[in-house]
Engineer: 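Structure provided below as structure tokens; questions to follow.
All ligand and atom numbering here is 1-based and tracks the order in the structure.
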Amino acid sequence: MLIKVCGLSEESEIAEIANSGVDMLGFIFHKASLRNLNYDESKGIFIRDLTSKKVGVFVNEEFDYVLQTGFYFQLTHIQLHGNESPEMVVALSCYFKVIKAFSIHSKFDFEVCDLYQSADLFLFDTKGDLPGGNGAQFDWELLDSYQGNTPFLLSGGIGKDDAEAIKKVNHPLFAGIDINSKFEITPGRKNIPEIMEFINDLNVSKPKTRKGYYGEFGGAYIPELLYNSVHELEIAFEEIKTNEEFRSKFKQLLRDYVGRPTPLYYSNKLSEKHSANIFLKREDLNHTGAHKINNTIGQILLAKEMGKTNIIAETGAGQHGVATATVCALMDMECTVFMGTVDMERQKPNVQRMKMLGAKVVAAESGSKTLKDATNEAIRYWINNPSSFYVIGSVVGPHPYPEMVAYFQSVISEEMRFQLQEKTQKMNPDIIVACVGGGSNAAGAFYHYLDEESVALYCVEAAGLGLDSGKSAATSHLGTTGIIHGSKSLVMQTDNGQIIEPHSISAGLDYPGIGPLHAHLIKSGRAKSIAVTDADALKAGLDLTRTEGIIPALESAHALAALDKIELKNKTVVVNLSGRGDKDLETYLAKLNLAENEIE
Ligand SMILES: *Cc1c(COP(=O)(O)O)cnc(C)c1O
């Protein structure tokens, strides 16, 4: 069944509906209509770029005007809603698919339809004062009199309670429905949740993979002012995915500049301890000391491709800021990093590093003066400076960021496959364990195994002082569905939707959200989530330091600590060691001194 939503005008709404599995988007070009599309150049660009079927609705307009408007917006369909002649339908059908609308009433003579055989579709609507959007239904039994050959859409006053009646329409040429005013908050503003629910009620059997969504999570919930920037990015990202030249530049930098592939190291000590085969994927050995640089190289290369010269980024602990400043130095980009003043105080060495690399560090003074406030500042700056390129550091933010960051990090599991093959003669491990702040290192480690059901995926979150302590960052345990930084995901929030301050000993996991991919993996049961306390992470980090001579980042130490909570016997396990612990020395040493004092 085709579903057409008519009378659209708001860009953010159009984008959401286009991504929702609706087949046809209807735009009304009729000044007398409350839903007339008021357009400007930017809306023109926006509509032209939509890949959905786009229907322009006209009422008794001149042929030339319809033709020009159709070309301007690159419409796929023209819907004629007035007393247009059969000749006009013939003429337009050389350029577009044509839908001819008829107002149905008890005296309507369906034989009139025979004159319009060159239309691709008919639309049977209710006769009202204004064409379209009258909100009234005609008697659907009248359809029995339609004996023509052209399929038709049913229109006029279809509302959310009509799903059952629609399912009963069994005319052989019934092709779908057209909905409009009954799904509106005010004329022209659609009630999207109701539309979704309605489509669901109709249980139209087609795969509903909405672009930019992972199950119910994801999307792009952004202010209209950012729409063009985000959309431009989406198009550019789509383009480079199949661009061999881009890929080879990216791969070369990962190899020669970052130092990839990172080793897959068999840990004797951990393997013995757990009676398993435990490998560490050594992302700590990347240039700048963590996985973050895989993504910054990808995004800044893309920015260059798009002709951008001005890069902005947010940072919490400063790792993403340093990775961004590093690549900006390499690629001659101007770099501005937003950082909360509290974090600037806590992470001084990273602030100094960014400055040394030539970046401007802007203090975010609002709210709790930490990562989420830095992100808010960065978004604000982006709105005012749309020509800049915003490099997001994790699989969070509006579509296409989660998909794009996962794509650039996917090199981690790409390497794991051939490294495991070499070391174990199998490409698949039994278990992959990774810490999750926003989720980018985990996304990279899981990427090529997402469809391999035999590979168990574990997301390790920071429990802080404990799940029930009020000082935690374990979003998948404590969060509920909400919007954070432009996407729908799990969020730690109060009943009123206020963000709850997270806490973790590791700055990289200290985030009140989680990427939409992970929210979906966990909710759907594909991945399991484990929460590890500050104390357990510290201990696991110190253990690895003393047994393997590797000082892990406190974030990665959470993943190590989770090994105690998983049944590992005889399994092949990969732990993604996301970064090195130099930045965490003070925290580790404080714990070590404490322990040694206790012993004395
Ligand atoms: C930033 C960071 C993390 C957390 O970010 P994700 O996007 O969840 O990977 C984990 N480990 C290290 C070393 C980091 O720097």
Engineer: Decide salt bridge (charged side-chain N to carboxylate O under 4.0 Å, His left out) for Glu555 and Lys583; before the verdict, give the C-alpha distance in whole Å, the side-chain angles of both, and the deciding distance to 0.1 Å.
Structural biologist: CA-CA 11 Å; Glu555 291 83 1; Lys583 67 187 178 62; 2.8 Å; yes

Engineer: Given that the side chain starts at C-beta and the backbone is N, CA, C, O, which of these parts of Asn441 lies under 4.0 Å from ligand 1, counting heavy atoms, or is it both or neither?
Structural biologist: both

Engineer: Using the side chain to side chain donor-acceptor pair (under 3.5 Å) definition, which of the options Gln299, Lys292, His291 pairs with Asn295?
Structural biologist: Gln299

Engineer: Rounded to the nearest 0.5 Å, how far apart are CG of Leu568 and CD1 of Ile431?
Structural biologist: 5.0 Å

Engineer: For Phe237 and Tyr407, what are the C-alpha separation, side-chain angles and deciding distance, and is it a ring-ring contact (aromatic ring centres under 6.0 Å, His included)?
Structural biologist: CA-CA 10 Å; Phe237 172 56; Tyr407 175 81; 5.5 Å; yes

Engineer: Of the listed options (Pro552, Gly515, Gly437, Ala445), which comes nearest to atom 8 (O) of ligand 1 when hydrogens are ignored and any heavy atom counts?
Structural biologist: Gly437

Engineer: Using a strict cut-off of 4.0 Å, indicate which atoms of ligand 1 neighbour a heavy atom of Ser440.
Structural biologist: 6 (P), 7 (O), 8 (O), 9 (O)

Engineer: Considering non-hydrogen atoms of the protein only, which is the closest contact for atom 4 (C) of ligand 1, and what is the distance?
Structural biologist: Gly508 O, 3.3 Å

Engineer: Counting only heavy atoms not in Lys360, do more than 12 fall under 6.0 Å of its NZ?
Structural biologist: no

Engineer: With respect to Gly439, determine whether any N or O atom, backbone or side chain, lies less than 3.5 Å from an N or O atom of ligand 1.
Structural biologist: yes

Engineer: So is there a nitrogen or oxygen of Val395 less than 3.5 Å from a nitrogen or oxygen in ligand 1?
Structural biologist: no

Engineer: At less than 4.0 angstrom from any non-hydrogen atom of Cys435, what atoms of ligand 1 do you find?
Structural biologist: 10 (C)

Engineer: How about Leu517 and Phe217: do any of their side-chain heavy atoms sit closer than 4.5 Å?
Structural biologist: no

Engineer: Using a 3.5 Å distance criterion without hydrogens, assess whether the side chain of Asn286 forms a donor-acceptor pair with backbone atoms of Gly259.
Structural biologist: no

Engineer: For atom 2 (C) of ligand 1, which protein heavy atom lies nearest, and how many Å away is it?
Structural biologist: Lys292 NZ, 2.4 Å

Engineer: Are there more than 12 heavy atoms of other residues, nucleotides or ligands under 6.0 Å from atom CG of Asp451?
Structural biologist: no

Engineer: What atoms of ligand 1 come closer than 4.0 angstrom to any heavy atom of Ala553?
Structural biologist: 13 (C)

Engineer: Which atoms of ligand 1 sit under 4.0 Å from any heavy atom of Ser394?
Structural biologist: 6 (P), 7 (O)

Engineer: Only heavy atoms of Gly579, strictly under 4.0 Å: list the atoms of ligand 1 that pass.
Structural biologist: 13 (C)

Engineer: Does ligand 1 come near enough to His291 that some N or O of the ligand is less than 3.5 Å from an N or O of the residue?
Structural biologist: yes

Engineer: For Val436, take its heavy atoms, then give the atoms of ligand 1 lying under 4.0 Å from any of them.
Structural biologist: 8 (O)

Engineer: Can you find an N/O atom of Ser556 closer than 3.5 Å to an N/O atom of ligand 1?
Structural biologist: no

Engineer: Does an N or O anywhere in Gln319 fall below 3.5 Å from an N or O of ligand 1?
Structural biologist: no

Engineer: Using 30° and 60° as the class boundaries, would you call the ring planes of Tyr266 and Phe279 parallel, tilted or perpendicular?
Structural biologist: perpendicular

Engineer: Quick test: of every protein heavy atom, which one is nearest to atom 12 (C) of ligand 1, and how far off is it to 0.1 Å?
Structural biologist: Ser578 OG, 3.5 Å

Engineer: Give a yes or no on whether the backbone of Leu371 and the side-chain of Thr375 come within a donor-acceptor separation of less than 3.5 Å.
Structural biologist: yes

